[in-house]
Protein chains: 2
Amino acid sequence: MTTDAATLKRPLRADAQRNYDKIVQVAAQAFAEKGTGASLDDIACRAGVGPGTLYRHFPTRDALLAAALHGALDELGDTARRLMAADDPAAALDEWILELARHLRTYGGLPESIATALQDPSSPLCTSCQPMTAGTAKILARAKEAGAVRADVQASDLNALIGSLAWASERRGDSDAALRRLIKLVTDGLRPLSVVE
Amino acid sequence: MTTDAATLKRPLRADAQRNYDKIVQVAAQAFAEKGTGASLDDIACRAGVGPGTLYRHFPTRDALLAAALHGALDELGDTARRLMAADDPAAALDEWILELARHLRTYGGLPESIATALQDPSSPLCTSCQPMTAGTAKILARAKEAGAVRADVQASDLNALIGSLAWASERRGDSDAALRRLIKLVTDGLRPLSVVE
DNA sequence: ACCTGAACACCGTTCAAGT
DNA sequence: ACCTGAACACCGTTCAAGT
């Protein structure tokens, strides 16, 4: 927790390190409670620092988001490894899509923040999403090789698609069952004869 | 242009009517330029009125949006009528989905505004979306009867789905061709053997 | 009745002054 | 170097004062 990608770059003075950690901790809680758009001023205040200190460490909202969500996004890496070892590549892809959508729904506004970040490789949030993008790429490739997915489906399409579904289900306040239904609607397609299994 | 749903309820004094019309006209332009989140203060200023006047006529952003987008949303009614008269119900649904997504993409942030409005029947923007919701319901029902769509697909699902696709393609700055590809990905489903035509 | 615009309570951001 | 917090430039919203 005290060792971090951003921290390892250059050692911080003890009080600066303390502030950094406290801001990240408070931010994670604030984003969870109020969503991705939580007030940065409020976060600084609750962390016991001035807004200037927060902006020094995190020049943009995405930078703070990346630091606060780092742990949650890393969990996706574990999920990806598990699914790459699973027997059925097609089922693994379905589970990945569901799991990813669920993760994106946990924080309000997260699908939107990530969709924007994925567009810009220089965004720190985009970097933190690496377990996600890498996971989609690998699991999709494996499903393609198994002939379970059309060859022209791209990983970026899939990420955009899952993100948009997570966004829609968050907007509608859908239950988990409703999310599964919406996802099944997409993965199976709309045609009645399209289900091959 | 001077006669309007909101206007017909009760006759407005001449200067009030002039202000009302000017605000709607300026708003339509501002929303087209800056997206759904355009500054209301700026709109009031450009219309030559104080912010108080704007808020008197339109208590919420959605109220102003509804008035400004009324014309554009009404066009969808014509499209729906045309497609209900088309030969192939399945092709008509595909075209409706594409046309709807295109409409939602024309104004920045519109998919989001409409997704929120659809959740709340008392929202004026929800009322203005009536041509859209009615169109989806009718065209979907016809496609279902023709056996072209699974029976468990609901109109609200479809609207959420199209809205989310429009949202994603707007976020990514997709071309029209890319939008078509994304939509085809969804309507056909991801499985290689799923295309029945 | 309706319009006006000053005033208010918020945002996020910057930066000179401190340590 | 880093922190501090006042100051700034924006939002949307309200409301007392005018006509």
Side-chain angles (χ1 to χ4, degrees), chain A residues 2 4 6-27 30-31 33-68 108-109 112-113 116 123-125, chain B residues 2 4 6-27 30-31 33-68 108-109 112-113 116 123-125:
Chain A
T2 43
D4 198 87
T7 312
L8 290 174
K9 280 180 187 172
R10 205 168 288 270
L12 246 52
R13 220 171 58 183
D15 58 340
Q17 179 68 261
R18 218 168 12 232
N19 280 334
Y20 181 98
D21 291 341
K22 184 71 180 170
I23 290 171
V24 170
Q25 177 208 320
V26 166
F31 289 141
E33 280 172 14
K34 317 232 177 184
T36 315
S39 160
L40 300 183
D41 237 47
D42 188 52
I43 289 172
C45 182
R46 281 206 262 171
V49 302
T53 304
L54 188 149
Y55 280 96
R56 166 167 292 272
H57 286 301
F58 309 99
T60 64
R61 177 182 295 271
D62 270 15
L64 182 53
L65 261 176
E112 199 162 350
S113 302
T116 310
S123 158
L125 186 51
Chain B
T2 44
D4 198 87
T7 312
L8 290 175
K9 281 182 187 173
R10 207 168 286 270
L12 246 53
R13 220 169 63 181
D15 57 343
Q17 179 67 265
R18 217 168 13 232
N19 280 334
Y20 181 98
D21 291 341
K22 185 71 180 169
I23 289 170
V24 170
Q25 177 209 320
V26 168
F31 289 140
E33 280 172 13
K34 317 233 177 180
T36 316
S39 160
L40 299 184
D41 237 47
D42 187 52
I43 290 172
C45 182
R46 280 206 262 171
V49 302
T53 304
L54 187 148
Y55 280 96
R56 165 167 294 272
H57 286 302
F58 309 100
T60 65
R61 178 181 293 272
D62 271 15
L64 181 55
L65 262 176
E112 199 163 351
S113 303
T116 309
S123 157
L125 185 53

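Below, read A as the first sequence line, B as the second, and so on, with proteins coming before strands; counting in each chain starts at 1. Bear in mind that the values here come from a model prediction, so they are computed numbers and not experimental data.
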Rounded to whole Å, CG of B/Asp62 lies from P of D/dT13 at a distance of 11 Å
To the nearest angstrom, the CD1-C1' distance between B/Ile43 and D/dT13 comes to 15 Å
Answer for the Watson-Crick or wobble partner of D/dA6, both distances under 3.5 Å, is C/dT14
On a heavy-atom basis, the closest approach of B/Asp41 and B/Pro51 is OD1-CB, 3.7 Å
OG1 of A/Thr53 to OH of A/Tyr20, rounded to nearest 0.5 Å, is 14.0 Å
**OP:** Would you confirm whether A/Arg61, through its side chain, and A/Ser113, through its main-chain N or O, come within 3.5 Å as a donor-acceptor pair?
**Re:** no
note: A/Phe58, atom CZ; D/dC2, atom P; distance rounded to Å ~ 13 Å
To the nearest angstrom, the CG-P distance between B/Asp21 and C/dC3 comes to 12 Å
Per the under-4.0 Å heavy-atom filter, residues of residues 35-42 of chain A near DNA chain D come out as none
To the nearest angstrom, the CG-P distance between A/Leu54 and C/dC11 comes to 14 Å
Heavy-atom nearest pair, B/Thr36 first then B/Phe31, reads O-CE2, 3.6 Å
B/Arg56 atom CZ is separated from C/dG5 atom C1', nearest whole Å, by 14 Å
OP1 or OP2 of D/dC3 under 4.0 Å from side-chain N/O of A/His57: yes
Side-chain atoms of A/Tyr55 come closest, of D/dG12, D/dC3, C/dT13, to C/dT13
In whole angstroms, the gap separating C1' of D/dC3 from NZ of A/Lys22 amounts to 17 Å
Looking at C/dC3, I'd like to know if its phosphate oxygens (OP1 or OP2) sit under 4.0 Å from a side-chain N or O belonging to B/Asn19.
yes
Note: A/Arg46 and A/Ala30 closest approach over all heavy atoms is NH2-CB, 3.8 Å
To the nearest angstrom, the CD1-P distance between B/Ile23 and C/dC2 comes to 13 Å
Pairing partner of D/dT19, by Watson-Crick or G-U wobble and under 3.5 Å for both distances, is C/dA1
Close side-chain approach of A/Asp62 and A/Thr116, heavy atoms under 4.5 Å: no
Within residues 45-53 of chain B, those residues having any heavy atom closer than 4.0 Å to DNA chain C are B/Val49, B/Gly50, B/Pro51, B/Gly52, B/Thr53
Looking only at heavy atoms, the pair that brings B/Ile23 and B/Leu54 closest together is CD1-CA, 4.0 Å
Scanning both residues in full, the closest heavy-atom pair of A/Ala63 with A/Pro124 reads CA-CG, 3.5 Å
